[in-house]
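First the structure, in the form of structure tokens, and then the observations on it.
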There are 2 protein chains.
Amino acid sequence: MEQHQPVCKAHTRRERRDARENRQRLLEAAKQLFAAQGVAATTMKEIGHAAGVGPGTLYRHFADKGELCRALIKDDIAVFQARVGARIEAEASGSPLARLDILLTTRVEILEAHLPLFAAIDEALAGPRHTGRVRGPFDSWVHDQTVQLLGEALATGEVALLDPVLTADTILAAVSPPLYRYQRHTCGYSRERIIAGLRRLFVDGLRQLPIADSPT
Amino acid sequence: MEQHQPVCKAHTRRERRDARENRQRLLEAAKQLFAAQGVAATTMKEIGHAAGVGPGTLYRHFADKGELCRALIKDDIAVFQARVGARIEAEASGSPLARLDILLTTRVEILEAHLPLFAAIDEALAGPRHTGRVRGPFDSWVHDQTVQLLGEALATGEVALLDPVLTADTILAAVSPPLYRYQRHTCGYSRERIIAGLRRLFVDGLRQLPIADSPT
DNA sequence: CAATTATACGGAGCAGGCTCCGCTTGTCAA
DNA sequence: TTGACAAGCGGAGCCTGCTCCGTATAATTG
């Protein structure tokens, strides 16, 4: 856990002690309640109550339920980013698509590790309040990485005739928490099967190029 | 507009006159309000009020906002299904992937025609009330068609090493209303660009087969 | 034309996410 | 130490989707 506010810059007041304590207690309460009864079944009011804090205070710390969830896995996400960075770095000599494969596989790993939280984050973002559809910072990062790798693949000629940004959108949708949850829990597919499907579509499927004529 | 209830079977009572009138008035009111101020900005209470009907009655006719939206485009969807059926039929001699191409293209057409309603439908389905994640009947139909075509493509050897059901899930996610809206409105991509991207991934990208070794 | 009854109506009211705003309190500068 | 004030707190309450249930009524049956 790191500090929330970088804090103590020039003429900026430090975060108040009680504020930090409340934040900590809220996170703790949320973690426990989520574990005990599931994310969806836990209301914000409950969390506030368990932490001995009013709703107003809760929302001062976390703009919405999604942000609370995000805060709970912030550290794991940082680890994820570091690990992917390292793996991709180590593979720098390899092909861009091989690195995309790593990105996808690792993404599925962390998805698997925190599915309910990720799903809740997405749900909050999809709600009527966020009509603008802003992607969370983590998804933005994955998106950027993907665009980067696809761009490199284009440059090296590993793939051809591709729209990197658009394709990255699609790939992100394919590893979105709601879809993954549906495939895992409703359909009962194994993690390996899903990864294989992703690889078939977005790694192997992209590799060759002799793009022939396609109908109309 | 067709009847809601096939009605009048053996010993089943006919739908009451006032009920049908109310339903009609609700649909009319919804259509007008949606057109005037957008789907998201229109509350169920407003619709009921405009139709001179209480919330209870409203929900007797439409289980949720999504179902109301679905009822509004029911006819267009029927037309869509017929048209796709015809086009695919006409192309029966062509390759399965060519037919998949038709399915995707036509799907984007109807998406384009009713984006706000489709988006609202998806939103309602994604809400916390429907944790089970049931796909609507229309999406189920598209999914089934896709599985069917992919299966044929496998049989004819046009594609190889593919998981039809899983792949259909992914394709459906790629043409889901929220993603499409995001790409069209937030990113500003043209319809053609999106279609090209879909084609590249799910038609051309699937066609060849010399699946080589893939990392790890 | 009743009498019966499944069907439908209305609206009070619930739940859950989130906001508004007046009061309190920790922090810092003097 | 103390005064000033930004930062923080709490909870009443809003909004919206949706439900429950007592009452009203159209259709059917005798």
Side-chain angles (χ1 to χ4, degrees), chain A residues 3-5 7-26 30 33-34 37-69 120-131, chain B residues 4-5 7-26 30 33 37-69 120-131:
Chain A
Q3 300 279 36
H4 174 56
Q5 295 281 18
V7 167
C8 220
K9 205 167 152 192
H11 246 243
T12 317
R13 275 194 169 182
R14 205 161 54 201
E15 185 187 31
R16 270 216 237 159
R17 208 183 59 253
D18 54 347
R20 195 174 41 234
E21 286 170 359
N22 278 330
R23 154 180 294 267
Q24 221 39 54
R25 238 174 311 125
L26 283 168
L33 286 169
F34 285 171
Q37 53 189 27
V39 179
T42 304
T43 74
M44 293 301 265
K45 216 174 264 184
E46 264 180 306
I47 296 172
H49 183 77
V53 144
T57 304
L58 205 181
Y59 280 94
R60 156 166 287 272
H61 288 288
F62 307 99
D64 57 37
K65 204 176 184 181
E67 201 173 303
L68 211 186
C69 294
I121 291 171
D122 258 45
E123 230 167 67
L125 236 32
R129 222 159 291 271
H130 303 259
T131 49
Chain B
H4 174 54
Q5 296 279 19
V7 168
C8 221
K9 207 169 151 191
H11 246 242
T12 317
R13 273 198 169 177
R14 210 163 50 206
E15 186 187 28
R16 257 162 63 166
R17 210 184 55 252
D18 54 346
R20 197 175 41 233
E21 286 171 0
N22 278 328
R23 155 180 294 267
Q24 222 38 53
R25 237 173 312 124
L26 283 167
L33 287 169
Q37 54 190 24
V39 179
T42 303
T43 73
M44 293 301 263
K45 214 174 266 185
E46 263 180 308
I47 296 172
H49 183 76
V53 145
T57 304
L58 205 181
Y59 281 94
R60 155 167 287 270
H61 288 287
F62 308 100
D64 56 36
K65 205 176 182 179
E67 202 174 301
L68 212 184
C69 294
I121 291 172
D122 259 45
E123 229 166 66
L125 237 31
R129 222 160 291 270
H130 304 258
T131 48

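By convention in this document, chain letters (A, B, ...) are assigned in the order of the sequence lines, proteins followed by strands, and residues within each chain are numbered from 1.
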For a quick test of reading the model: is some side-chain N or O of R17(A) closer than 4.0 Å to OP1 or OP2 of dT27(C)? yes
If each of G56(A) and T43(A) is mapped to the nucleotide of DNA chain C with the nearest heavy atom, which maps nearer the 5' terminus, i.e. the 5' end? T43(A)
For K45(A) and dG16(C), is the shortest distance between a side-chain N/O and OP1 or OP2 below 4.0 Å? no
Looking only at the side chain of Y59(B) (C-beta and beyond, no hydrogens), which of the listed nucleotides dG10(C), dA26(D), dC18(D) gets closest? dC18(D)
Test your reading of the model: is there a side-chain donor-acceptor pair from K65(A) to the backbone of V39(A), 3.5 Å cut-off? yes
Between A63(A) and R60(B), the residue closer to the 5' end of DNA chain C by nearest nucleotide is R60(B)
Could you give me the CA-CA distance, side-chain angles and deciding distance for T42(B) and I47(B), then say whether side chain to side chain contact (heavy atoms under 4.5 Å, CB included) is met? CA-CA 7 Å; T42(B) 303; I47(B) 296 172; 3.7 Å; yes
Please give, in whole Å, the distance from dC15(D) C1' to D64(A) CG? 16 Å
Verify the contact: side-chain N or O of R13(A) to OP1 or OP2 of dG26(C), cut-off strictly under 4.0 Å; return yes or no. no
Sub-4.5 Å side-chain heavy-atom contact between D64(A) and H130(A): yes
Round to a whole Å and report the spacing from CD1 of I47(B) to P of dC15(D). 17 Å
Mind checking the CD-CD spacing from E46(A) to Q37(A)? Nearest 0.5 Å is all I need. 4.5 Å
Is R16(A) side chain donor-acceptor paired with the dT25(C) base, going by distance under 3.5 Å alone? yes
How many whole angstroms separate atom CD of Q37(B) from atom P of dT16(D)? 11 Å
Answer yes or no: does a side-chain N or O of T57(B) lie under 4.0 Å from OP1 or OP2 of dA8(C)? no
When rounded to whole Å, the CD to P distance for the pair E123(A) and dG16(C) reads 14 Å
Between R14(A) (CZ) and dC5(D) (C1'), how many Å, whole number? 17 Å
L58(A) CG to dA12(D) P: how many Å, rounded? 16 Å
Could you state the CZ-P distance from R23(A) to dA7(D), rounded to the nearest angstrom? 15 Å
Taking every non-hydrogen atom, the tightest pair across M44(A) and L58(A): O-CD1, 3.1 Å
Assign each of G54(A) and A124(B) to its nearest nucleotide of DNA chain D by heavy atoms, then name whichever residue's nucleotide is nearer the 5' end. G54(A)
Under 4.0 angstrom between H61(B) side-chain N/O and dC9(C) OP1 or OP2: yes
It should be established whether N22(B) places a side-chain nitrogen or oxygen under 4.0 Å from OP1 or OP2 of nucleotide dC9(C). yes
Atom CD of E46(A) to atom C1' of dC18(C): distance rounded to whole Å? 16 Å
